[in-house]
Amino acid sequence: MKFRAAVGMTSVIACFLTLGACSGRPRGFGTTPNIKHIVMGRCFNYITLVNPSTRYDCEAIWRAFEEAVVKQNSCDVAMEHYRHMFREMPQTRACDRFLFWSKTKKFIQDYTAIAPHFWTLEDTLAGYMFNDLVWCRQQENSGFNFSSCPEWSACLHHPVHSLWRQASKNFAEMACGNITVLLNGSIENAFSKNSMFGSVELDHLNPERVNYVNIRVVTNLDGPSRESCSRGSILDLIHILQSRGFRWTCSDNERILKILQCVQKPEHSWCRTLA
Ligand code: ZNA
């Protein structure tokens, strides 16, 4: 985190030194330093240690990724540009383990650590390789821009957003059996039609392949409790699922989820009553 802040600060300083040359320029962090080493390293880690039964050509994947990113302007990288890369990484998985999430990224990392049978997008090769990375191309140049990249909202076809859209679409199309969605009951619009889950994944779930959609709502220990299975946007999600012929269940603050929160804050009053 500190390192990213330092990189961000460098680009801010560079901006001042070039006297206003930044206005209208992309903002935010630049491409993650050492991206090639990180992506290739993660790929080799995945095929060697995480999922040794899989065979992928990490070099070919990198080449296809680089080509998708550096051949287009930084706001013109569409989902289709990653098609070649995704062809290099086909993936299938057993049913009943798919776990979707929205606005619960931190929590999901802890949850999957204690419930390793669940499979999130970050457990696919693509999700694993690109998680938490940033990338974009330099203007008028075919290299990566390491000093700044546009925000997602500034582009019609943002290179990072487009990759996640395509990965999310593939992941949802694969989903089968009983699937789980973890949502954050402490915020408004826990289910948002603008989120990746609401705008991509939900639309690509197949009611003929998916048996049950199990919604799990979790609120922070300190609250607030804004939404639940019977309040707020989660009702919209249930309505959409019903209208598309999905069967569903919904649970608020399942015990195991609370216990997980209590492991991190055992002194919290709520956790004392649990003990
Ligand atoms: N691993 C990821 O970084 C990632 C994963 C990014 C985008 C999507 N996903 C898939 S879609 C994930 O596996 C879940 O199944 C789905 C969650 O996406 P969501 O419903 O849009 O939920 P969210 O919490 O709003 O966003 C998910 C993640 O996307 C965030 O934690 C950020 O890492 C990233 N993100 C969202 N909005 C922005 C952003 N990054 C940069 N700029 C943004 N405006």
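Atoms within a ligand are numbered from 1 in the order they appear, just like the ligands themselves. Just so it is clear, the model here is predicted, and its values are computed rather than measured.
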Which protein non-hydrogen atom lies closest to [atom], naming both residue and atom, and how far is it?
atom: atom 3 (O) of ligand 1; result: Lys105 NZ, 3.1 Å
atom: atom 10 (C) of ligand 1; result: Leu121 CD2, 3.4 Å
atom: atom 20 (O) of ligand 1; result: Ser102 OG, 2.6 Å
atom: atom 35 (N) of ligand 1; result: Trp152 CH2, 3.4 Å

| request: Give the cluster check for Tyr56 versus Tyr82: same hydrophobic cluster or not, with ILVMFWY residues linked at side-chain heavy-atom distances below 4.5 Å. | output: yes
| query | With distance as the sole test, does Ser243 use its side chain to make a donor-acceptor pair with the main-chain N or O of Ile240 at under 3.5 Å? | reply |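 Judged by distance alone, yes, a pair lies under 3.5 Å.
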| Can you tell me if Gln261 uses its side chain to pair, donor with acceptor, with the backbone of Thr219 under 3.5 Å? |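 The answer is yes, because a donor-acceptor pair under 3.5 Å joins these two groups.
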| Is a salt bridge present between Lys71 and Asp76, judged by a nitrogen-to-oxygen distance below 4.0 Å? |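 Result for this pair is no, no salt bridge flagged.
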| Ring centers of Trp135, Phe130 separated by less than 6.0 Å |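 Yes, ring centres under 6.0 Å apart.
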| request: Report yes if the distance between the aromatic ring centroids of Phe118 and Phe98 is under 6.0 Å, otherwise no. | output: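 Phe118 vs Phe98: aromatic centres not under 6.0 Å.
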| For atom 9 (N) of ligand 1, which candidate among Phe191, Phe197, Tyr128, Trp164 provides the closest heavy atom? |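 Minimum heavy-atom distance to atom 9 (N) of ligand 1 goes to Trp164.
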| Closest to atom 16 (C) of ligand 1 among Phe98, Phe100, Trp101 (heavy-atom distance) |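 Minimum heavy-atom distance to atom 16 (C) of ligand 1 goes to Trp101.
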| query | Which value, rounded to the nearest 0.5 Å, describes the distance between Leu183 atom CG and Lys103 atom NZ? | reply |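 It is 10.0 Å, given to the nearest 0.5 Å.
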| message | Measuring from non-hydrogen atoms of Ser168 to any atom of ligand 1, is the shortest distance under 4.0 Å? | response |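 A heavy atom of Ser168 does come that close to ligand 1.
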| said: With a heavy-atom distance limit of 4.0 Å, tell me whether His161 approaches ligand 1 through its side chain, its backbone, both, or neither. | reply: neither
| task | Between Glu151 and ligand 1, find which residue part has any heavy-atom pair under 4.0 Å and reply side chain, backbone, both or neither. | result |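 Within the 4.0 Å criterion, Glu151 makes no contact with ligand 1.
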| Are any of the N/O atoms in Glu122 less than 3.5 Å from those in ligand 1? |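 Glu122 vs ligand 1: N/O contact under 3.5 Å present.
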| task | For ligand 1, find out whether one of its N or O atoms is nearer than 3.5 Å to an N or O atom of Met196. | result |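 For ligand 1, there is an N or O atom that lies under 3.5 Å from one belonging to Met196.
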| request: Can you sort out which atoms of ligand 1 are near Lys103, meaning under 4.0 Å from one of its heavy atoms? | output: 22 (O), 23 (P), 24 (O), 25 (O)
| Against heavy atoms of Asn131, which atoms of ligand 1 measure under 4.0 Å? |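 Once the distances to Asn131 are compared, the set is 1 (N), 2 (C), 3 (O).
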| message | Would Phe100 and Leu182 count as a side chain to side chain contact (heavy atoms under 4.5 Å, CB included) here? Give the steps. | response | CA-CA 6 Å; Phe100 296 84; Leu182 192 69; over 6 Å; no
| Please walk me through it: do Val218 and Asp252 pass side chain to side chain contact (heavy atoms under 4.5 Å, CB included)? | CA-CA 6 Å; Val218 63; Asp252 288 314; over 6 Å; no
